[in-house]
Number of protein chains: 2
Amino acid sequence: MAPKNQATIEDVARIAGVSIATVSRAVHSPERVAKTTRQKVNQAILVTGYTTNAMARSLRMGRSNIILVLAPDIGDPNFSSTLIGIETEARARNHAILIGHTQNDPQRAIDYLRYTTSHKAAGLVLFTGRLPLSDAVSAMPLPPTIAVFEPVQDAAYPYVGVDDIAGGRKATEHLLAAGHRKIAFVGDTQMRAAFRRRRAGFDLAMDAARVDQDNRLIVEGDGSIESGRHAVELLFMRDTLPTAFMCVNDTTAIGVMNALAARGYNVPLDFSVTGFDDVPQATYISPALTTIRQPRSIIGKTAIERLMALIEADHPATETPKEDLISPDLVLRGSVTTPRQTPI
Amino acid sequence: MAPKNQATIEDVARIAGVSIATVSRAVHSPERVAKTTRQKVNQAILVTGYTTNAMARSLRMGRSNIILVLAPDIGDPNFSSTLIGIETEARARNHAILIGHTQNDPQRAIDYLRYTTSHKAAGLVLFTGRLPLSDAVSAMPLPPTIAVFEPVQDAAYPYVGVDDIAGGRKATEHLLAAGHRKIAFVGDTQMRAAFRRRRAGFDLAMDAARVDQDNRLIVEGDGSIESGRHAVELLFMRDTLPTAFMCVNDTTAIGVMNALAARGYNVPLDFSVTGFDDVPQATYISPALTTIRQPRSIIGKTAIERLMALIEADHPATETPKEDLISPDLVLRGSVTTPRQTPI
DNA sequence: CTGTTAGCGCCTTCAG
DNA sequence: CTGAAGGCGCTAACAG
């Protein structure tokens, strides 16, 4: 039997025989209320089925418990797995997640940013890697904000992401440990910060193992499947073959494996391959790809931890924005083994 | 230069030289305000950067513009693609999406359902297929609600989903058109309503083509990959081989294809196979699977349309809950061809 | 430790 | 067509 009208704080107060202020305190700072009073109040809450009206509360406090998550693409598996971490952590802290899907459309982003104001959002999580440049936005009083996956261009928001250097290093060390020395790096580019860092991890591992790098094995690429295929062709043309390919991401690795298969080679018997990201496809291709797994749900969790710290600190003075880099794990599958003894 | 304090309706009223009532009207029912006045107000809104305070508005109106979406698993691709439709349509209607991730945990579901009350949610979208049975829930005054993908057990909520019968029929007709007559149906079960309906579609198509069904080609299954594999083994043991397998879902189809490959057969040359759902894997296996695509984003869009109708009608009297079945499309890939001429 | 009270910003009668 | 005023439910002083 659902009560016709949702009980308010006054109903509870009346039934408990106390004032509404006491009810409010009993709910939100129980320690400031006498034990017996608290019990009476809780009792009354039970019988009335009272739930605090979040709208009234937010209006009064000038801030809601809603965190807006802005993402360019909800469908992206990277996003959804991270969202799990975000949602779980936010809920544990009594905050709710409002989803904004920008589709990379600045207008949609602006509209959602406005939500931040109108809903008095407690915080903002940005997956977008950028904020629309517009007077509307710069005039908007944004709540505490944190960037995830990609730092936000031209803005000093704290950032939580993967430690690409550590990841690049782990992948390389794995190849090295399997006995590879002639390792190609596929996807060299200045364009993408993450790729640059993965390369740096590669260099670190090679240096630490005192392996001299052969520049001809460093192949440019943009992370596309074509760039992986192209790299293989290039290497065959140059006639400087590696025994292993360390690819800047899984997509590139898949391209490499395609091209190798097309030429009749076997992975991993003829060549070993590693990727980076652990996209869903990595399991379905054959052989399954050994790769570095993006710690997505941990990134989500950490992002909310940092964001809540910001919210609770409410120094408007943002100090040096912190960067949190989560070290990713290597996931072992079938695309790496020891180098073949006989040359190709 | 961000204004120190967010402008309120009073600021706008003062600058426009009107009362706050007029501002409110100019914003929400412009037709009830003189043109010149409206212009003055809009002008003032522009200079102040005024955004209406959704919390105050919701408090006053007793209802927010938030729609709660409850899903057991955010990571499920089925969910995320549907969410795109939901989000897009909701946004077009000025509503926001709050995400609740239940992980099939009744306690989490109950907590989120409570949000519905505390945030005065305008509506509720259920992916869960069930509601926790608890006094807490039955006592809760839930807002207009709509179920998606799975109807809610023991509750009469309108439901938007795929037309499984039409889908089953399309897949079967495709096989028939390719020349198959001995078609196995894999995944027969009473347990799952969706599967039952897909079977009905199969029967319809077979009947329409006046093909006599061979009961030995109807194989039970639960939609798992193992059940697909098992079906193949069973059919080979019975020694009654079909020329094509119509599988109740993609996962089953993948199991069928695995087992066929293990026995050294080629799909589609030796056997044709169809699935249902169009899961991401369907593209990655070889050959890529011809299947029925779940119209996920349309389902999302339709769900919000129906929900908004409910919200706006606000007859508390729910009439016969409507069912909206979206007819899915066949997606042609590589797993179907004409039956081989020579028997296996 | 508890009660009284003043708004938070808005929408909506009710009068003009 | 416009203005005045009440109150949605709650929290945070401020008193007691």
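Convention: sequence-line order gives letters A, B, ...; per-chain numbering from 1. As the structure is a computational prediction, the values presented were derived from the model and not from experiment.
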Protein-nucleotide distance ([X], atom [atom1]; [N], atom [atom2]), rounded to Å:
{"X": "Leu59(B)", "N": "dG9(D)", "atom1": "CG", "atom2": "P", "value": "7 Å"}
{"X": "Asn53(B)", "N": "dC10(D)", "atom1": "CG", "atom2": "P", "value": "17 Å"}
{"X": "Tyr50(B)", "N": "dG9(C)", "atom1": "OH", "atom2": "C1'", "value": "8 Å"}
{"X": "Ile9(A)", "N": "dG9(D)", "atom1": "CD1", "atom2": "C1'", "value": "8 Å"}
{"X": "His28(B)", "N": "dG9(C)", "atom1": "NE2", "atom2": "C1'", "value": "11 Å"}
{"X": "Arg14(A)", "N": "dC10(D)", "atom1": "CZ", "atom2": "P", "value": "13 Å"}
{"X": "Glu10(B)", "N": "dG3(D)", "atom1": "CD", "atom2": "P", "value": "13 Å"}
{"X": "Met61(B)", "N": "dG9(D)", "atom1": "CE", "atom2": "C1'", "value": "16 Å"}

Apply side chain to side chain contact (heavy atoms under 4.5 Å, CB included) to Arg14(B) and list each qualifying residue two or more places apart in sequence or on a separate chain. Asp11(B)

According to side chain to side chain contact (heavy atoms under 4.5 Å, CB included), who are the partners of Thr52(B), at least two apart in sequence or on a separate chain?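 For Thr52(B), the residues satisfying side chain to side chain contact (heavy atoms under 4.5 Å, CB included) (neighbours in sequence not counted) are Tyr50(B), Arg57(B).
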
Please list each protein N or O that sits under 3.5 Å from an N or O in nucleotides 1-4 of chain C, with the distance.
unit_1, atom_1, unit_2, atom_2, d
dT2(C), OP1, Thr37(A), OG1, 2.2
dT2(C), OP2, Ala34(A), N, 2.8
dG3(C), OP2, Ser19(A), N, 2.9
dG3(C), OP2, Ser19(A), OG, 3.3
dG3(C), OP2, Thr22(A), OG1, 2.7
dG3(C), N7, Arg25(A), NH2, 2.8
dG3(C), O6, Arg25(A), NH1, 3.2

Could you grab the distance from atom NE2 of His119(A) to atom CG of Leu68(A), nearest 0.5 Å is fine? 9.5 Å

Mind jotting down which residue pairs meet the ring-ring contact (aromatic ring centres under 6.0 Å, His included) criterion with at least one end in residues 54-88 of chain B? Sequence neighbours excluded, please. Phe79(B)-Phe127(B)

Could you work out, with side chain to side chain donor-acceptor pair (under 3.5 Å) as the rule, every residue matching Thr116(A), not counting sequence neighbours?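 Counting only residues at least two positions away or on another chain, Thr116(A) forms no side chain to side chain donor-acceptor pair (under 3.5 Å).
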
Do any side-chain atoms of residues 82-99 of chain A form donor-acceptor pairs under 3.5 angstrom with protein atoms, and if so which ones, sequence neighbours left out?
unit_1, atom_1, unit_2, atom_2, d
Thr82(A), OG1, Asn78(A), O, 2.6
Glu87(A), OE1, Arg108(B), NH2, 2.9
Glu87(A), OE2, His101(B), N, 3.1
Glu87(A), OE2, Tyr112(B), OH, 2.4
Thr88(A), OG1, Ile84(A), O, 2.7
Glu89(A), OE1, Lys301(A), NZ, 3.2
Glu89(A), OE2, Arg93(A), NE, 2.8
Glu89(A), OE2, Arg93(A), NH2, 3.4
Arg91(A), NH2, Asp111(B), OD2, 2.5
His95(A), ND1, Asn65(A), O, 3.3

